[in-house]
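Attaching a single structure in structure tokens format; questions to follow.
No hydrogens, no waters, no symmetry mates; every other heavy atom, side chains included, goes into these values. Every value quoted in this text rests on a predicted model; they were computed, and no experiment measured them. Letters go in sequence order (proteins before strands), and every chain restarts at 1.
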Amino acid sequence: MTRAITFEVTHVCKQSGARTGLLHTPHGTVETPMFMPVGTAATVKFISPEELYDMGAGVILANTYHCWLRPGEDVVAAAGGLHKFMNYKNPMLTDCGGFQVFSLADRRKIKEEGVTFKSHLDGSTLFLSPEKSIEIQNKLGADMIMSFDECPPYPATYQYMEDSVNRTLRWAERGLKAHKRVGEQGLFGIVQGGEFEDLRRHSAESLVAMGQFEGYAIGGTSVGETKETMYKMIDYSVKHLPYEEVRYLMGVGSTDALLEGILRNVDMFDCVLPTRIARHGTLMSSQGRISIKKQEYEYDFGPLDPECDCYTCKNYSRAYLRHLFRCNEGLGSRLLSIHNLRFLIRLMEEARQAIKEDRFLDFKNEFFARHNLNSIDSRGF
RNA sequence: GGGAGGGUAGCGAAGUGGCUAAACGCGGCAGACUGUAAAUCUGUUCCUUCGGGUUCGGCAGUUCGAAUCUGUCCCCUCCCA
């Protein structure tokens, strides 16, 4: 099989077993473990591609459901694909629409054939199937595409989860058959199964047995479960995936969960958290999550985070950012998004360095101790 | 000088006898946010030792009861001379 995506493990930390690697894509190679900023509607909200390059971003995401509705996959295809359409030269990944099965739960209906949505834009009826999701993603043209899944709710009964997992597996087989750009785009399978060990195993083993996925994602996390449960979900999934293939933990972006994921041999992460909380005035810093709008920063002319090397920290003060947010000036959202994204990208850089130097466990433990994080149930920041 | 309309919490603005410590908006303060229906959403915003206390320009009345009715004074806006 000709592959678009290949992965190689480059070092395994002798202290922790965590790994670094290289992910080769049609748009270049990126180091793992890594964090991917989310650009749902073919844009990382408020951030230009040049700013993404400057902060060290590699892969970014776009979303099938949202790009399908606007501008439409044919527009993107006519532009020459997502990279050309949005002027991003580094690798890209598209999510399949499966998260919208979760987030738009009150306006969709799941059937064997696919999922019917009532558009959040105009109420019209939409139908997304495994084949349609792949067709759209083929047209969008990202380097990595995802097999259509149901991101199930939490908690869910065993019976619900079993039915959901098996349906998602049938969708995965249909997606593989529908994929028309093998060799140009790598299709990833998504492991589901909620908190149930045997279902996670069944899901992972079945996807692997299909023999054609170029990477594996762990889905159904960060949907309301505790950190302890999330880590179990990761464990139950990862141990049934081939060691040499890349693993992607979907939708996770709190600092503690990123480090716990790396410890469990996860290579890729994405999350809207840094950009969303940035737009809402919260920054991730070496001192934890900080609401920049707080009164105590009125006269604070120091940087957001004295340990940060981002554009925002090098040029602006907490007092100025507070002012921008109080005035609802968009620059505040931009500058804070730049900072938060750089914060997580730098955390990944430091984690990779620690792995290469065989001290990742120390690195993780020091980070947790320093930020007073509990390893199994903190919100992180 | 004559006439008309107004003064309600930080601001704007409802309310025109009891269900009103007083809608709503803004502003303020605090919180949430994890494959983005999110530049969003939630809580709170007279004082309090949580029993209560003091309010709707000031004062004096009417009434069982007044932000709401009467008198008077102060102030603001507009129109006419």
Stretch residues 98-107 of chain A: residues that reach within less than 4.0 Å of RNA chain B through a heavy atom: A:Phe99, A:Gln100, A:Ser103, A:Leu104, A:Arg107
For RNA chain B, the residues among residues 47-67 of chain A that have a non-hydrogen atom under 4.0 Å from it: A:Leu61, A:Asn63, A:His66
Residues which pass side-chain hydrogen bond (donor to acceptor under 3.5 Å, both in side chains) with A:Tyr216, listed by chain and number, not counting sequence neighbours: none
Reference residue A:Glu150; test salt bridge (Lys or Arg N to Asp or Glu O under 4.0 Å); the match among A:Arg170, A:Lys111, A:Lys109, A:Arg167: A:Arg167
Geometric class of the A:Phe102/A:Phe99 ring pair [parallel <30°, tilted 30-60°, perpendicular >60°]: tilted
Footprint string (nucleotides 24-30 of chain B, 5' to 3'): B base within contact, S backbone only, - free, heavy atoms under 4.0 Å: ----SSS
Touch class at under 4.0 angstrom, heavy-atom based, for A:Gly220 against every strand present: base
Under 4.0 angstrom between A:Arg279 side-chain N/O and B:rA38 OP1 or OP2: no
Pair A:Gln137-A:Thr94, side-chain donor/acceptor within less than 3.5 Å: yes
Could you list, one pair per line, each protein nitrogen or oxygen that sits under 3.5 Å from a nitrogen or oxygen of nucleotides 10-12 of chain B, together with the distance?
none

Straight-line distance of A:Met92 CE to A:Thr25 OG1, nearest 0.5 Å: 11.5 Å
Contact summary for A:Ser147 and A:Gly189, nearest pair of heavy atoms: CB-CA, 4.2 Å
Spacing between A:His120 atom NE2 and B:rA37 atom P, to the nearest angstrom: 7 Å
Over all atoms of both residues, closest heavy-atom pair of A:Gly219 and A:Met250: CA-SD, 4.4 Å
Atom pair distance, as rounded to whole Å: NZ in A:Lys118 and P in B:rA37: 17 Å
Shortest non-hydrogen contact from A:Pro152 toward A:Tyr160: CB-CE2, 4.2 Å
Plane angle bin for A:Trp171 and A:Phe148 - parallel if under 30°, tilted between 30 and 60°, otherwise perpendicular: parallel
Under-4.0 Å side-chain N/O to phosphate OP1/OP2 contact, A:Arg289 with B:rA32: no
Side-chain donor/acceptor of A:Thr221 to base of B:rU34, under 3.5 Å: no
First encountered from the 5' end of RNA chain B, between A:Ser119 and A:Ser222: A:Ser222
Spacing of A:Leu283 atom CG relative to B:rC33 atom P, expressed in whole Å: 15 Å
Main-chain N/O of A:Leu361 paired to A:Gln15 side chain as donor or acceptor, under 3.5 Å: yes
N or O in side chain of A:Ser333 less than 4.0 angstrom from B:rA39 OP1/OP2: no
Between B:rA39 (P) and A:Arg276 (CZ): distance, integer Å: 8 Å
Partners passing side-chain hydrogen bond (donor to acceptor under 3.5 Å, both in side chains) against A:Tyr53 (at least two apart in sequence or in another chain): none
Options B:rU40, B:rU34, B:rG35, nucleotide nearest the side-chain atoms of A:Asp149: B:rG35
